[in-house]
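In each ligand, atom 1 is the first atom listed, and ligand 1 is the first ligand listed.
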Amino acid sequence: MKHLYLFGNWKMYLDFEESFLWAKQLAERMKDLPTHITSAVFPSAISLKHVKDVLEDSPVEIGAQIISSFEKGAYTGEVSAAMCRSVGVTYALIGHSERRHLFHETANEIRLKIEHAYAARITPVICVGETLSERQAGKTDEIIMMQIQSALHALTLPPEPTMLIAYEPVWAINTGEACDPREAERVHKLIKRSVNDVCGRTVPTAVVYGGSVNPQNIESFLAEQSIEGVLVGGGSVKAHDWFELVSKMGA
Ligand code: PGA
């Protein structure tokens with residue numbers, strides 16, 4: 001059975017109290033998660049510690065939606081990778097399209113964040129994806145390869161890094177219009193080849209798909225060989241959707 005990742009990106013959807021209550025449901029209903037599934041949820045920074053406490057004895061891990069591109073120091077408002085690690089964070093989303101496009105995160109910042117994440121023993125979930133106009137212009141592959149190249153080029157990686165990439169076509173995020181699973185599979189294969197090319201060696205890489213994943217379409221994604229899980233936004237804060245997704249992953 002292939003190993004699967006189930007990631008829930010809570011975005012800016014839940015306040016502190018709502019995060020706490022939702023985490024309590026996860027702790028209760030996901031306590032017997034089978035070992036072929038790795039699951040993590042990504043609350044907002046203010047709820048990380050509390051959600052971690054609630055999920056302390058649960059197989060569900062916690063991730064940060066954002067970490068700083070700086071390591072430490074006088075950077076008002078920033079939260080460092082090490083700070084996240086100190087409250088039990090084990091994953092971080094890096095390069096999410098909402099950060100790239102709405103907050104103009106640069107390729108260099110993304111690269112630095114990846115470096116800081118690994119240094120703090122946090123696994124980065126590196127998000128890549130093309131916009132609609134890039135896809136329409138036939139530039140999907142070029143954009144994906146460029147994003148992988150700029151994220152990983154000359155990066156000091158741990159000896160055996162857990163390499164996790166999320167393919168999230170920008171036009172599929174929060175639109176209800178998911179990518180065709182066969183096309184996602186094709187891009188996932190391209191991502192794996194690109195990681196090896198940029199790193200100059202074979203780096204075992206898991207690629208998850210994100211963008212309007214729901215209980216109706218998840219199985220068609222997981223049926224593809226190179227789709228090793230999903231990154232879910234809207235559906236990760238709706239109890240009915242989330243637990244359907246969990247059960248469709250074989251839990
Ligand atoms: P969505 O978001 O599931 O709401 O489309 C996915 C994501 O942004 O990670």
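- For H101, the NE2 atom counts as densely surrounded, since its 6.0 Å shell holds more than 12 non-hydrogen atoms of other residues, nucleotides or ligands.
- Using a distance-only test at 3.5 Å, with no hydrogens or angles considered, no donor-acceptor pair links the side chain of R99 to the main chain of I94.
- Counting non-hydrogen atoms of other residues, nucleotides and ligands closer than 6.0 Å to CZ of R182 gives a total of 12 or fewer.
- Contact detail for H153 and R111: the closest heavy-atom pair is O-NE, 2.9 Å.
- Applying the side chain to side chain donor-acceptor pair (under 3.5 Å) criterion to S68, with sequence neighbours excluded, gives E78.
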Contacts table for ligand 1: protein N or O within a distance under 3.5 Å of ligand N or O, distances only.
{"residue": "ligand 1", "atom": "2 (O)", "partner": "K11", "partner atom": "NZ", "Å": "3.2"}
{"residue": "ligand 1", "atom": "3 (O)", "partner": "G233", "partner atom": "N", "Å": "2.8"}
{"residue": "ligand 1", "atom": "4 (O)", "partner": "G234", "partner atom": "N", "Å": "2.9"}
{"residue": "ligand 1", "atom": "5 (O)", "partner": "N174", "partner atom": "N", "Å": "2.6"}
{"residue": "ligand 1", "atom": "5 (O)", "partner": "S212", "partner atom": "N", "Å": "2.8"}
{"residue": "ligand 1", "atom": "8 (O)", "partner": "K11", "partner atom": "NZ", "Å": "2.7"}
{"residue": "ligand 1", "atom": "8 (O)", "partner": "H96", "partner atom": "NE2", "Å": "2.7"}
{"residue": "ligand 1", "atom": "9 (O)", "partner": "H96", "partner atom": "NE2", "Å": "3.3"}
{"residue": "ligand 1", "atom": "9 (O)", "partner": "E168", "partner atom": "OE1", "Å": "3.4"}
{"residue": "ligand 1", "atom": "9 (O)", "partner": "E168", "partner atom": "OE2", "Å": "2.7"}

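- With a 4.5 Å cut-off on side-chain heavy atoms, W171 and C179 count as touching.
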